[in-house]
Amino acid sequence: MADAEYDLIIAGGGMAGLAAAVSASKLGIKAILLDRNKKEEAGKKTNWGWVCGDAVAKAHLDFVKEHTGLAFSEPEINMVLNKIYVLSPDLESKYPFEGEGAILNRPLFEQKLLNAALKNGIEYEPEFEVEGPIIDGNKVSGIYGKDRNKKDTKIKGKIVIDALGMATTLRRKLPENGYVDRNVDIDDLESTGRYIYTFKADHNDDRFYDPNNALIHLNQIAAPGGYGWVFPKKGSKVNIGIGVQKTSLELRNSRLGKKDTLHSLMDEYVKSNPVIKDVELDNEFGNGMGYWSVGVRRPIESMVFNGYMGAGDSMMMPNPVSAGGIGPSLSAGVLAAETAYKALGSGNTGIDGLWSYNIEFNRVYGSKTGGLEVFRIYLQSLNNENINYGMKNFVSRDEAENLTYGRPVELSFAKKAKLVLKAATNVRAFSNLVFTVREMRAMNELYARYPETPEKFAAWKAKVKTEIEKAKERLKPNPV
Ligand SMILES: Cc1cc2nc3c(=O)[nH]c(=O)nc-3n(C[C@H](O)[C@H](O)[C@H](O)COP(=O)(O)OP(=O)(O)OC[C@H]3O[C@@H](n4cnc5c(N)ncnc54)[C@H](O)[C@@H]3O)c2cc1C
């Protein structure tokens, strides 16, 4: 392997990297998959395990099947999920969010992806630490790192797919360039933590636990700038956790005179659930408890550079509202490998040879995320009272569902004339929602005109940044 040269290097074997590996190996690309984990721990994110809520929409699993032929069933699918519901802080409003899906057994799911790629003949180097990109001129031409014996190793490749997740050592060490941003705003990250528990249900109350549906609790005191979730698993098990935005947590603590941390809020969230009782950590695969972070913004505007493509969390792909990142990671991994195949065939692995990946990913998934990011920024500007009131009065169930899909709805003071805007704070919240919907529409229009070539990218990106900055300027975090 040392000093070897590949057509494609896939750095990181999580959801995105493994999906890329399945696709690349099926297409017969001369590729190598590198990951720091041992083979039997494929996809483990950190020492805390496969930290995730494990819920994914069926459409993304179908996408993998259509493109690679790989189908999923038990045991890597732990259970089928009917819906995800979002509840208001007072639990009086409950709206559906996203359609049919599945709860995964993540360790088994990623093992299945790895086995499929190995069966197709992918070359695989586990226990390999990727430290950075090799740069030749203005092009990524491989990676450097340490092999399992801690030996410094360089691997050359015509294309590198960065699938290293949130803490990527590749994107952050790219040369200064106008395409792939190396840094992101900390307000666009959620710190998250979750438990997997076996429990006894004290009584039935589907506002707190629902054996067939996933629940999301919006609550700016319990999970400032984020939300809490209760996702069922087969056999009286539950995946329960919270995500918080750092700025919102600090504001909430200082305004309430508290010193809560992500961990204390996680424990409080579990304790305050009246249905989930007698909890016992389910530590199968050492995966019972863990923390990690998720990006909740639009994906990095260009996910390609000369010789470089990114997929999954390394590109901030999770849905800005739900933080669902499994689906986009899988789809992006497949699309990245397919684009690499075409670029290698044409002999053009520079930015213009890889550009179609940006366009394809936006077509399949990414184009709604700019608007969803604005909606997330709006949600973070509301306190519990605003959310309770807004979910009852500002939007119908259908309108709320449309917004969570990134589809702006028709809203205006005139249209909602019957609204009883009791307090000034609710008038402001409604007028901010009207602004948000307008901005969502502007973002959707911008993404519908995603540049067809790299030359037009700088002007387009500047417009996207202007819209996001406008939203951040008007809608500041305001949890209490
Ligand atoms: C608490 C929590 C709950 C979540 N809940 C959900 C949910 O319910 N549904 C959903 O869709 N999404 C959820 N997400 C997001 C989802 O887990 C991620 O979007 C998804 O795992 C991203 O996949 P990835 O392959 O990009 O990155 P990762 O899964 O992080 O995989 C990266 C891989 O690269 C390896 N790696 C990293 N750095 C190096 C290095 N330097 N050298 C070698 N190898 C390296 C890692 O070991 C890992 O195998 C959640 C996230 C968190 C933190």
Side-chain angles (χ1 to χ4, degrees), residues 9-21 33-39 41-57 60-61 81 84 98 101-104 106-107 109-111 113-114 125-133 143-148 153 161-173 189-196 214 216 226-231 233 239-244 262 266 287 289-296 299 310-319 322-333 336:
I9 297 171
I10 301 167
M15 286 288 175
L18 289 168
L33 170 67
L34 307 169
D35 192 278
R36 60 158 69 115
N37 293 320
K38 295 192 175 109
K39 178 171 179 282
E41 294 188 329
K44 185 167 139 177
K45 289 185 182 183
T46 72
N47 287 338
W48 284 302
W50 291 251
V51 191
C52 188
D54 304 335
V56 61
H60 292 289
L61 302 179
L81 203 58
I84 299 181
E98 300 201 345
I103 295 284
L104 305 181
R106 256 194 89 143
F109 188 88
E110 288 176 269
Q111 199 66 51
L113 288 170
L114 176 62
E125 201 55 36
E127 298 174 69
F128 187 100
E129 186 70 26
V130 178
E131 293 177 333
I143 63 94
Y144 60 91
K146 287 201 172 47
D147 72 8
R148 75 187 67 179
T153 307
I161 295 180
D162 177 356
L164 292 177
M166 282 301 293
T168 173
T169 48
L170 288 175
R171 193 194 83 231
R172 290 164 201 266
K173 291 186 184 169
L189 304 180
E190 290 278 308
S191 304
T192 57
R194 68 98 180 88
Y195 295 102
I196 298 179
I216 285 181
Y227 64 77
W229 72 86
V230 180
F231 291 178
K233 284 177 95 74
N239 181 316
I240 182 166
I242 64 165
V244 302
L262 172 64
M266 260 164 81
N287 191 34
M289 195 272 274
Y291 315 96
W292 197 226
S293 57
V294 198
V296 284
D313 281 12
S314 65
M315 293 294 117
M316 303 280 135
M317 283 186 176
N319 179 308
S322 70
I326 297 173
S329 299
L330 290 171
S331 301

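Scope of the values below: all heavy atoms of this structure, side chains included, with no hydrogens, waters or symmetry mates. Whatever order the structure lists them in is the order used to number ligands and atoms, beginning at 1. Bear in mind the structure is a predicted one, so any value in this text is a computation, not a measurement.
With a 4.0 Å heavy-atom cut-off, ligand 1 is reached by the side chain of W229 but not by its N, CA, C or O. At a heavy-atom cutoff of 4.0 Å, ligand 1 is contacted by the side chain of N37 but not by its backbone. For F231, every heavy-atom contact with ligand 1 shorter than 4.0 Å involves the side chain, none the backbone. Looking at K44 against ligand 1, only its backbone comes within 4.0 Å, counting heavy atoms. Residue contacts with ligand 1 for V51 involve both N, CA, C or O and side-chain atoms from C-beta outward (heavy atoms, distance under 4.0 Å). Within the 4.0 Å heavy-atom criterion, the part of P318 lying near ligand 1 is the side chain and not the backbone. Of all the heavy atoms of S322, none lies under 4.0 Å from any atom of ligand 1, so neither backbone nor side chain is involved. Here C52 has heavy atoms under 4.0 Å from ligand 1 in both its backbone and its side chain. With a 4.0 Å heavy-atom cut-off, ligand 1 is reached by the backbone of V130 and by its side chain too. Contact annotation for A323 and ligand 1: only backbone heavy atoms (N, CA, C, O) come within less than 4.0 Å of the ligand.
The only option from I161, L170, T169, T168 that meets the side chain to side chain contact (heavy atoms under 4.5 Å, CB included) definition with S314 turns out to be T168.
For ligand 1, the atoms closer than 4.0 angstrom to any heavy atom of A163 are 32 (C), 33 (C), 34 (O). Each of the following atoms of ligand 1 lies closer than 4.0 Å to a heavy atom of G312: 26 (O). For ligand 1 and T169, the ligand atoms under 4.0 Å from any heavy atom of the residue are 41 (N). Atoms of ligand 1 found under 4.0 Å from any heavy atom of F128, numbered from 1 in the order shown, are 42 (N), 43 (C). Distances below 4.0 Å separate heavy atoms of V294 from the following atoms of ligand 1: 51 (C), 52 (C), 53 (C). Residue contact check: G165 has heavy atoms under 4.0 Å from atoms 27 (O), 30 (O), 32 (C) of ligand 1. Close approach to G43 involves these atoms of ligand 1, each under 4.0 Å from a residue heavy atom: 49 (O).
Of the inter-residue distances, the one linking D54 atom CG with N239 atom CG reads 5.0 Å to the nearest 0.5 angstrom. Here M317 contributes atom CE and S329 contributes atom OG; the two are 7.0 Å apart, rounded to the nearest 0.5 Å.
The nearest protein atom to atom 45 (C) of ligand 1, hydrogens excluded, is given as L164 CD2, 3.5 Å; this is a heavy-atom distance. Of the protein's non-hydrogen atoms, G14 CA, 3.4 Å is the one closest to atom 31 (O) of ligand 1. K45 CG, 4.1 Å is the protein heavy atom nearest to atom 28 (P) of ligand 1.
Looking only at side-chain heavy atoms (C-beta outward), L104 and E110 stay at 4.5 Å or farther from each other. Using a 4.5 Å heavy-atom cutoff, the side chains of K44 and T46 are not in contact. Residues N37 and E127 are not in side-chain contact: their nearest non-hydrogen atoms beyond the backbone lie 4.5 Å or more apart. Two residues are said to be in side-chain contact when any heavy atoms from C-beta on lie closer than 4.5 Å; K45 and W50 fail this criterion. Looking at heavy atoms from C-beta onward, N287 lies in side-chain contact with I196 at the 4.5 angstrom threshold. Counting only heavy atoms from C-beta outward, the side chains of R148 and F128 never approach each other to under 4.5 Å. Counting heavy atoms from C-beta on, the side chains of M15 and F109 come closer than 4.5 Å. Side-chain contact between V294 and L189 is absent, with no heavy atoms from C-beta onward closer than 4.5 Å.
Comparing K146, M316, R106 against atom 29 (O) of ligand 1, the shortest heavy-atom distance belongs to R106. With T192, L114, V56 as candidates, the residue nearest to atom 53 (C) of ligand 1 on a non-hydrogen basis is T192.
At least one N or O atom of D313, backbone or side chain, sits closer than 3.5 Å to an N or O atom of ligand 1. Remark: ligand 1 and E110 share no N or O pair separated by less than 3.5 Å (distance only, no angle test). For ligand 1, one of its N or O atoms has an N or O atom of E129 under 3.5 Å away.
In this pair, F231 and W229 present their aromatic rings tilted. The plane angle is within the 30 to 60° band.
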